[in-house]
2 protein chains.
Amino acid sequence: MSLMDIKFNERLAARGFRFTSQREHVYSVLLQERDHPTAEQIFFRAKKGMPDISMATVYNCLDTLVKAGLVREVNLDRVAMRYCPNMHEHCHFHCDECGGVFDIGLPPNDGTVPGVELPKGYRVSRVEVSIRGACPKCAKRQRRQQ
Amino acid sequence: MSLMDIKFNERLAARGFRFTSQREHVYSVLLQERDHPTAEQIFFRAKKGMPDISMATVYNCLDTLVKAGLVREVNLDRVAMRYCPNMHEHCHFHCDECGGVFDIGLPPNDGTVPGVELPKGYRVSRVEVSIRGACPKCAKRQRRQQ
DNA sequence: CTAGGTGCAAAAGGTTTGCGGTTAA
DNA sequence: TTAACCGCAAACCTTTTGCACCTAG
């Protein structure tokens, strides 16, 4: 059991969830490659180290990890939900060329939304900014090909 | 044929799409009630005035309207795509209480994203801001109930 | 006349559910 | 010990597709 496991375990316990090897494994898969995988991608990666894990369990684990505040869901294109273990304030850049998803830093959330004049009365709980376009790699290739 | 039809027709023709009564009807349904309905909601509303219209046609029409620049897709929660005939620069407020979706004005897009320090090399094509929380009505009710 | 559009039914993803068996606490 | 969790398969819901018929231009 590593240092990460202690924090992981406590995080689950704090919200009344049990520790299971499946939850730990799914979380470790997310930490390994920070490419915002879909549930299906997570399933296939998780199977490598845990061949008996099922799709339903992956969904269950992801659900629990989200509720425990260890992972966030990223809803980029309606095709499939993506998952991200970066819990810092950030937004996502979705590359239309390679399909990659990149974390972009954001200033700490102070309840206001930069550039948005929200009328009186709204109570904001969460702001999600998603940016589409070409990532540096693809933008460079496009410029060369022109 | 009303004034709106002329612009509607031109807009379709400009992108090489034909005018059809189904497309016009689906668009009029979207203009009638600006509540960002799902494809299914649009289908049931459209059936009132056009009983033979099919779900597939609603999807086809919405697709065409999006491509013609008359309607935009709003991807709020992965459950179902929503549609919005407001083509001005704006973002969406999604109320967690009543499920309502409200348009919030935004300053004209100048290619930058307010509050976001985008690293060099990214080429931005579209920015989507979505805000969740409680709308004025629900926020007020919540305050009363406390 | 004919390319493009419609309606239907069937299929294709992605996600959820029901249930018998298993396990963390 | 037992409530929570897992694995499996089947169901579900939204969206897409294939195809015969229809119609705008």
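Proteins come first, then strands; the chains are lettered A, B, ... in the order of their sequence lines, and each starts at number 1.
- Spacing between atom CG of B:Asn60 and atom C1' of D:dT15 amounts to 11 Å, rounded to whole angstrom units.
- With a 6.0 Å radius and a threshold of 12 heavy atoms from other residues, nucleotides or ligands, B:Glu97 has its CD atom above the threshold.
- Comparing D:dG7, C:dC8, C:dT15 by their nearest atom to the side chain of A:Ala39 picks out C:dT15.
- Considering only side-chain N and O atoms, B:Gln22 lies nowhere under 4.0 angstrom from the phosphate OP1 or OP2 of D:dT23.
- Two rings, from A:His92 and A:His94, have their centers 6.0 Å or more apart.
- Atom C1' of nucleotide C:dG4 and atom CZ of B:Phe19 are separated by 15 Å, given to the nearest angstrom.
- Contact record, A:His36 with A:Cys84: CD2-CB, 3.6 Å, taken as the closest heavy-atom pair.
- Between B:Ile53 and B:Arg18, the one whose closest nucleotide on DNA chain C sits nearer the 5' end is B:Arg18.
- Distances shown here put every side-chain N or O of A:Arg78 at or beyond 4.0 Å from the OP1 or OP2 atom of D:dT14.
- Residues A:Arg34 and A:Pro85 are in side-chain contact: their nearest non-hydrogen atoms beyond the backbone lie under 4.5 Å apart.
- Taking atom CZ of A:Phe43 as the reference point, atom C1' of D:dC8 lies 11 Å away to the nearest angstrom.
- As a whole-Å value, the separation of A:Lys67 NZ from D:dA4 C1' is 13 Å.
- Atom CZ in A:Phe44 sits about 13 Å away from atom C1' in C:dG14, given to the nearest Å.
- In this structure, A:Glu24 places its CD atom 16 Å from C1' of D:dC6, rounding to the nearest Å.
- Mapped onto DNA chain D by nearest heavy atom, B:Glu40 and A:Thr64 fall at different nucleotides, with A:Thr64 at the one closer to the 5' end.
- Within 4.0 Å of A:Ala56, counting heavy atoms only, lies at least one base atom of the nucleic acid.
- Per the geometry, CG belonging to A:Asp77 stands 18 Å off P belonging to D:dT14, to the nearest Å.
- Set against D:dT15, D:dC6, C:dT23, the side chain of A:Thr57 has D:dC6 as its closest nucleotide.
- Each end of the helix from C:dC1-D:dG25 to C:dA25-D:dT1 gets its own rotation axis from five pairs of C1' atoms, and the angle between them is 40° to the nearest 10 degrees.
- Between D:dC5 and A:Arg23, a contact under 4.0 Å exists linking OP1 or OP2 to a side-chain N or O.
- Across every non-hydrogen atom of A:Phe43 and A:Met55, the tightest pair is CE1-N, 3.4 Å.
- With hydrogens and angles disregarded, no donor-acceptor distance shorter than 3.5 Å links the side chain of A:Thr57 to the backbone of A:Ile53.
- The phosphate of D:dT16 has neither OP1 nor OP2 within less than 4.0 Å of any side-chain N or O from B:Tyr59.
- Between A:Cys61 and B:Tyr83, it is A:Cys61 whose nearest contact on DNA chain D lies nearer the 5' terminus.
- With hydrogens and angles left out, the side-chain atoms of B:Arg123 and A:Gln142 include a donor and acceptor closer than 3.5 Å.
- B:Met81 places its CE atom 14 Å from the C1' atom of C:dG14, with the value rounded to the nearest Å.
- Note: B:Phe8 and B:Phe19 have perpendicular aromatic rings, judged against thresholds of 30 and 60 degrees for the angle between ring planes.
- Using a 4.0 Å heavy-atom criterion, one finds that A:Thr20 contacts the sugar-phosphate atoms exclusively.
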